[in-house]
Amino acid sequence: VEMQGDCMIQIPVDVILVQNPPSVPTLLLVYVYCIWEWLWMRRKRPRFVIDWHNLGYTMFESPTQQTPFLRTIILTSIRTIAKTYERILAPMADAHLTVTHAMEV
């Protein structure tokens, strides 16, 4: 937070709560920020918490029987990349909130 002139106020961050979806690119950016604060800024690392409302990759269109072949490949690739992205970054969070018991691992 910057005020007038060179006066700077720094407010420490204890927790960063990320709502999912959307997860791309938010999860990675928040994780990098938490590590940045800890390693380079020499501050206490903020806790990274994901609030799961849905799995983000399910928001991408799923191909149907009538979808042209090339479009099917593209849509399937996007969903696979998004699913892999979530599977890699989700375990890096410090805590998780879910809206249903079915989403718990």
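With hydrophobic clusters built from ILVMFWY side chains whose heavy atoms lie under 4.5 angstrom apart, Trp52 shares a cluster with Ile88. A continuous path of Ile, Leu, Val, Met, Phe, Trp and Tyr side chains, each step under 4.5 Å between heavy atoms, connects Val32 with Ile35, placing both in one hydrophobic cluster. Connection of Val49 to Leu89 is not established within any shared hydrophobic cluster, with ILVMFWY side chains joined at heavy-atom distances below 4.5 Å, either directly or through further cluster members. Met92 and Val30 end up in the same hydrophobic cluster when Ile, Leu, Val, Met, Phe, Trp and Tyr side chains are linked at under 4.5 Å. Following chains of ILVMFWY side-chain contacts shorter than 4.5 Å, one cannot reach Leu97 starting from Tyr31, and the two form parts of different hydrophobic clusters.
Residues passing the side chain to side chain contact (heavy atoms under 4.5 Å, CB included) test with Lys44, sequence neighbours excluded: none. Evaluation of the ring pair (Phe, Tyr, Trp, His ring centres under 6.0 Å) rule for Trp36 yields Trp40 as partners, not counting sequence neighbours. Partners of Arg87 under the salt bridge (charged side-chain N to carboxylate O under 4.0 Å, His left out) rule, at least two apart in sequence or in another chain, do not exist in this structure. Judged as a side-chain hydrogen bond (donor to acceptor under 3.5 Å, both in side chains), and not counting sequence neighbours, the contacts of Thr64 are Thr67. Annotation: side-chain hydrogen bond (donor to acceptor under 3.5 Å, both in side chains) contacts of Arg47 (sequence neighbours excluded): none. Partners of Tyr33 according to the side-chain hydrogen bond (donor to acceptor under 3.5 Å, both in side chains) rule, which considers only residues two or more places apart in sequence or in another chain, are Glu37.
Residue pairs meeting the side chain to side chain donor-acceptor pair (under 3.5 Å) criterion with at least one member in residues 69-84, sequence neighbours excluded: Glu61-Arg71. Counting only residues at least two apart or in different chains, salt bridge (Lys or Arg N to Asp or Glu O under 4.0 Å) contacts with residues 20-29 are absent.
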Tell me which donor-acceptor pairs under 3.5 Å the side chains of residues 13-28 have, and how far apart each pair is, sequence neighbours excluded?
{"residue": "Asn20", "atom": "OD1", "partner": "Ser23", "partner atom": "N", "Å": "3.2"}
{"residue": "Asn20", "atom": "ND2", "partner": "Asn54", "partner atom": "O", "Å": "3.4"}
{"residue": "Asn20", "atom": "ND2", "partner": "Glu86", "partner atom": "OE2", "Å": "3.3"}
{"residue": "Ser23", "atom": "OG", "partner": "Glu86", "partner atom": "OE2", "Å": "3.0"}

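Scanning both residues, Asp94 and Pro46, for their nearest heavy atoms gives OD2-O, 4.1 Å. Closest of all the heavy-atom pairs between His53 and Asp51 is NE2-OD2, 3.0 Å.
With side-chain heavy atoms closer than 4.5 Å counting as contact, directly or through intermediates, the hydrophobic cluster containing Ile73 also holds Phe69. Grouping Ile, Leu, Val, Met, Phe, Trp and Tyr by side-chain contacts under 4.5 Å, direct or through others, leaves Leu75 on its own. Side-chain heavy-atom separations under 4.5 angstrom define the hydrophobic clusters, and Ile81 shares its cluster with no other residue.
No more than 12 heavy atoms of other residues, nucleotides or ligands shown are found within 6.0 angstrom of CE on Met59.
Put simply, CD1 on Ile78 and CD1 on Ile74 are 7.0 Å apart, with the number rounded to the nearest 0.5 Å.
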